[in-house]
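Data first, discussion second: the structure below is written as structure tokens.
On a predicted model such as this, the values are computed, not experimentally measured, just so you know. Side chains are part of it too, since the values below use all heavy atoms of this structure and drop only hydrogens, waters and symmetry mates.
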Amino acid sequence: GIPTDKIVHFCMFFPFPILAWYSIDRVPEGMVESIGKIISFAAYGCLFAGLTEIIQGMMPYRSEDINDFYADMLAIGISSLVILFTNPIKKHARS
């Protein structure tokens with residue numbers, strides 16, 4: 001099956017884009033602006049995930065694992081898609 005630490009990595013990074021999305025002050029006006037914000041949140045999340053793995057590799061008592069990074073990126077990607085597909089529904093419901 002799937003190793004437990006990969007599931008933990010997935011669960012840690014899944015909320016990142018959602019929390020970033022709901023932390024912005026205003027709702028993006030158009031679909032292009034929404035997609036741009038989602039891509040930037042995903043990029044920052046992937047950068048953060050990569051840096052944490054690199055720093056872990058520098059610690060004498062930790063090791064870096066590329067599969068942890070893949071689990072982080074998968075969580076960020078799926079979470080970003082959830083935002084992308086639910087945003088038009090949310091915006092339409094407010095109208």
Side-chain angles (χ1 to χ4, degrees):
I2 301 171
T4 306
D5 70 320
K6 305 309 179 249
I7 294 170
V8 170
H9 273 268
F10 185 91
C11 291
M12 284 189 315
F13 278 87
F14 184 80
F16 183 83
I18 296 170
L19 293 173
W21 179 260
Y22 285 108
S23 71
I24 57 177
D25 288 339
R26 64 178 183 82
V27 177
E29 291 300 320
M31 192 60 146
V32 174
E33 186 180 356
S34 295
I35 291 172
K37 287 190 183 292
I38 292 168
I39 289 172
S40 66
F41 294 150
Y44 287 129
C46 290
L47 179 67
F48 181 67
L51 288 174
T52 57
E53 285 303 315
I54 291 170
I55 291 170
Q56 279 183 8
M58 294 177 185
M59 302 286 180
Y61 53 91
R62 299 290 307 256
S63 64
E64 59 186 328
D65 184 3
I66 192 70
N67 291 327
D68 289 346
F69 179 64
Y70 293 153
D72 299 342
M73 287 194 328
L74 180 66
I76 291 168
I78 291 173
S79 182
S80 296
L81 289 175
V82 167
I83 295 169
L84 181 65
F85 291 126
T86 59
N87 182 42
I89 295 167
K90 180 181 71 170
K91 192 171 187 179
H92 179 61
R94 278 191 250 159
S95 308

With sequence neighbours excluded, what pairs up with Ile18 under the side chain to side chain contact (heavy atoms under 4.5 Å, CB included) test?
-> Phe14, Tyr22, Ser79, Ile83
Quick one: side chain to side chain contact (heavy atoms under 4.5 Å, CB included) partners of Pro3, sequence neighbours excluded?
-> Asp5, Lys6
Shortest non-hydrogen contact from Ser23 to Ala20?
-> OG-O, 2.7 Å
If you look only at distance, which donor and acceptor atoms sit under 3.5 Å apart when one is on a side chain in residues 45-61 and the other is two or more places apart or in another chain?
residue, atom, partner, partner atom, Å
Thr52, OG1, Phe48, O, 3.3
Thr52, OG1, Ala49, O, 2.7
Glu53, OE1, Asp65, N, 3.1

Can you run down the side chain to side chain donor-acceptor pair (under 3.5 Å) pairs that involve residues 7-16, sequence neighbours left out, and say none if there aren't any?
-> His9-Asp68, His9-Asp72
ILVMFWY network linking [X] to [Y], side-chain heavy atoms under 4.5 angstrom:
X     : Y     : answer
Phe13 : Leu81 : no
Phe10 : Tyr44 : no
Val32 : Ile38 : no
Leu19 : Ile24 : no
Met73 : Ile39 : no

Can you tell me how far the CE atom of Met12 sits from the CD1 atom of Ile76, to the nearest 0.5 Å?
-> 10.5 Å
Who else is in Ile2's hydrophobic cluster (ILVMFWY, side-chain heavy atoms under 4.5 Å, direct or via others)?
-> Ile7
What residues form a ring-ring contact (aromatic ring centres under 6.0 Å, His included) with Phe69, not counting sequence neighbours?
-> none
Can you list the residues that meet the salt bridge (Lys or Arg N to Asp or Glu O under 4.0 Å) rule with Glu33, with sequence neighbours excluded?
-> Arg26
